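The next block holds one structure in the form of structure tokens; read it before the comments.
Predicted model, so just to flag it, every value in this text is computed and none were measured. Heavy-atom basis, side chains included; hydrogens, waters and symmetry copies ignored.
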Amino acid sequence: MTRSTLTASVLALLAALGLWWTLHREAPGDDPLQGANVAATRADVGGNAALMEVSGSSADPRHALTAHASLWTVEVVDNKGQAVPEASVRAQMGEAVLAGTGGATWPEPAAGTWTLTVEAAPFPTWQRAVIVLAERPTVTRIVLGEPHTLEGRVRDSYGDPRRYHIIGFVPDNGPVPTSPTEWMKLPNGRTDASGHFMAQLPHRGRWRAFVGFSGKVMYEDPQPVEFTDAGPFQVEFVVQAPTRLLIEAHEPPGATTELPIGVSVYRSAAILDLERPLPPQLRSDAAPDLDDPTLDEEMREEMRAAWEHERAPMSDSDRAALAYRALVVPDGWRMDRSSILDAQRRLLLEFLPVDEELRFAVSRGAEVFRVDGSAWLSASPPVRVRIDLPAANASGAAPPAGPPPVVHATITPVQLPRAPLPVGATWY
């Protein structure tokens with residue numbers, strides 16, 4: 001064999017070997033090592049093979065193992081940190097699904113963004129997107145019943161703020177309790193003098209709101225509202241404006257005084273006796289326990305003086321003054337409420353009954369007056385009662401004898417300059 005013939009044979013052999021290597025390198029399915037890696041990955045999934053589809057989407061199959069986390073642990077607790085064993089946990093990414101109860105531990109889940117859903121009564125459904133990183137453990141702690149803070153205000157249909165109203169929330173579409181004691185057992189807030197409030201719900205989900213005042217439910221939202229991470233976080237309530245009675249006292253020009261002026265409103269005794277029966281009048285002649293060790297000397301003196309005053313016979317002048325003041329009460333009527341007018345000689349009363357006659361009496365210092373005229377309220381508008389008083393006595397004392405003088409009351413409706421607002425709730 002010549003030197004040239006040997007060289008040609010070597011080159012042919014090298015070319016054949018290169019062709020064989022190229023053909024086998026481009027057939028990865030025939031690589032026994034690669035096949036073993038895929039089989040090991042599927043075997044490591046174990047009992048989860050039916051729940052989780054192993055993805056071979058890696059561009060380079062030699063890096064398939066790096067597309068999995070080492071461990072994914074899901075913990076489910078309530079807002080007090082207690083485990084919720086009845087919680088149903090479900091994770092999904094594409095066609096892959098993981099499931100557990102009361103929490104879960106999943107070995108080597110596929111890395112990526114999973115949609116994690118937790119359901120446990122009575123909490124609302126919890127759902128988030130959770131990123132599981134490759135080649136490292138992931139721990140997801142889920143707190144059910146996260147509090148939801150809500151701010152808002154309450155106005156009436158006149159547009160005026162309603163102070164000291166209770167805003168309560170019943171779960172889902174439950175009934176609104178009628179007792180204020182039961183109101184306070186629910187999540188609630190209370191408006192301030194400007195009608196604003198803040199309330200915190202113990203957990204998100206479906207709640208139905210109501211507004212109450214003075215033992216009465218002023219407004220109920222007809223439908224429950226779903227509270228989520230996205231809101232709502234603010235609400236504005238408009239409740240039906242109560243009946244309003246504006247009382248004004250006027251003295252003659254140049255004869256105004258600094259004496260306090262009080263007004264009493266009377267309603268039919270027959271109606272009030274049924275609506276608010278008077279409690280029995282109990283009187284005890286037993287002396288208070290002045291030896292009580294919890295009392296200090298000042299309290300003992302006050303109790304002793306009050307007991308002695310109660311036992312002391314009423315003087316003739318006190319008895320006459322009491323009888324004189326009683327003459328201003330119309331026969332068959334009972335006082336509903338009484339108050340002192342402010343510095344502008346005005347008094348605003350609310351929540352008086354509609355379609356019922358209201359009578360009045362006025363006092364100025366020691367003077368008392370019967371009032372000629374009565375008022376009838378409707379749902380709206382407000383009613384103004386103007387009472388014109390005579391000049392005060394020089395001494396400010398009541399006349400010694402005779403019936404109390406009569407003053408006149410002028411009753412007129414108050415025309416508001418604005419249209420009433422619709423009753424309801426607006427959520428933001």
Side-chain angles (χ1 to χ4, degrees), residues 158 213-216 240-252 255-257 259-279 281 318-393 396-416:
Y158 296 138
F213 179 74
S214 189
K216 298 179 180 179
Q240 180 62 48
T243 57
R244 292 184 176 183
L245 188 69
L246 177 63
I247 300 176
E248 300 175 350
H250 292 262
E251 296 175 297
T256 57
T257 66
L259 295 171
I261 297 177
V263 174
S264 298
V265 180
Y266 295 88
R267 295 172 56 194
S268 168
I271 296 176
L272 270 182
D273 288 344
L274 294 174
E275 186 178 301
R276 298 201 299 266
L278 291 173
Q281 299 297 312
D318 289 342
R319 187 178 294 105
L322 183 62
Y324 181 76
R325 296 181 71 87
L327 293 176
V328 302
V329 181
D331 293 336
W333 295 75
R334 195 178 123 195
M335 187 175 68
D336 179 83
R337 64 190 73 180
S338 182
S339 189
I340 301 297
L341 277 62
D342 61 19
Q344 286 72 42
R345 298 302 204 234
R346 306 178 78 188
L347 173 65
L348 179 63
L349 299 176
E350 297 182 332
F351 296 103
L352 284 163
V354 299
D355 300 327
E356 185 181 322
E357 186 179 7
L358 305 175
R359 303 287 297 272
F360 308 96
V362 179
S363 66
R364 180 178 56 191
E367 297 179 282
V368 292
F369 304 89
R370 294 191 68 164
V371 177
D372 175 27
S374 57
W376 295 76
L377 299 182
S378 60
S380 62
V383 171
R384 177 184 285 110
V385 178
R386 172 182 173 135
I387 300 176
D388 291 290
L389 299 176
N393 293 335
V406 178
V407 296
H408 182 69
T410 303
I411 316 295
T412 57
V414 178
Q415 299 300 328
L416 297 176

Got a second to check how far [X]'s [atom1] is from [Y]'s [atom2], nearest 0.5 Å?
X	Y	atom1	atom2	answer
T256	H250	OG1	NE2	12.5 Å
D355	L377	CG	CG	9.0 Å
R384	I247	CZ	CD1	12.0 Å
R267	E275	CZ	CD	4.0 Å

Less than 4.5 Å apart, side chain to side chain, heavy atoms only: is that true for [X] and [Y]?
X	Y	answer
P353	T243	no
S374	I411	no
R244	V414	no
D273	R334	yes
P404	F369	no

Next item on the list: Could you check E357 against W376 for side chain to side chain contact (heavy atoms under 4.5 Å, CB included), going step by step and ending with a plain yes or no?
Entry: CA-CA 5 Å; E357 186 179 7; W376 295 76; 3.4 Å; yes
Check: Hey, does the side chain of R345 reach the backbone of I261 with a donor-acceptor pair shorter than 3.5 angstrom?
Finding: no
Notebook entry, point to check: Checking S338 side chain against V263 main chain: does a donor-acceptor pair fall under 3.5 Å?
Noted result: yes
Next item on the list: Start with the C-alpha gap between L358 and V385, add the side-chain angles, then the distance that decides, and say whether side chain to side chain contact (heavy atoms under 4.5 Å, CB included) holds.
Entry: CA-CA 11 Å; L358 305 175; V385 178; over 6 Å; no
So which atom in [X] and which in [Y] form the shortest heavy-atom distance, rounded to 0.1 Å?
X	Y	result
Y158	P382	OH-CD, 3.5 Å
P330	R359	CG-CB, 4.2 Å
G262	I340	CA-CD1, 3.8 Å
V362	I387	CG2-CD1, 3.6 Å
G373	F360	O-CD1, 4.0 Å
A379	V354	N-CG1, 3.9 Å

Checklist line | Steps toward side chain to side chain contact (heavy atoms under 4.5 Å, CB included) verdict (R386, T412) | finding: CA-CA 8 Å; R386 172 182 173 135; T412 57; over 6 Å; no
Note to self: Let's go through L246 and R346 carefully: what are the C-alpha distance in whole Å and the side-chain angles of both, what is the deciding distance for side chain to side chain contact (heavy atoms under 4.5 Å, CB included) to 0.1 Å, and is it a yes or a no?
What the structure shows: CA-CA 7 Å; L246 177 63; R346 306 178 78 188; 3.2 Å; yes
Checklist line | Candidate pair E251 and T257, rule side chain to side chain donor-acceptor pair (under 3.5 Å), full reasoning | finding: CA-CA 8 Å; E251 296 175 297; T257 66; 3.2 Å; yes
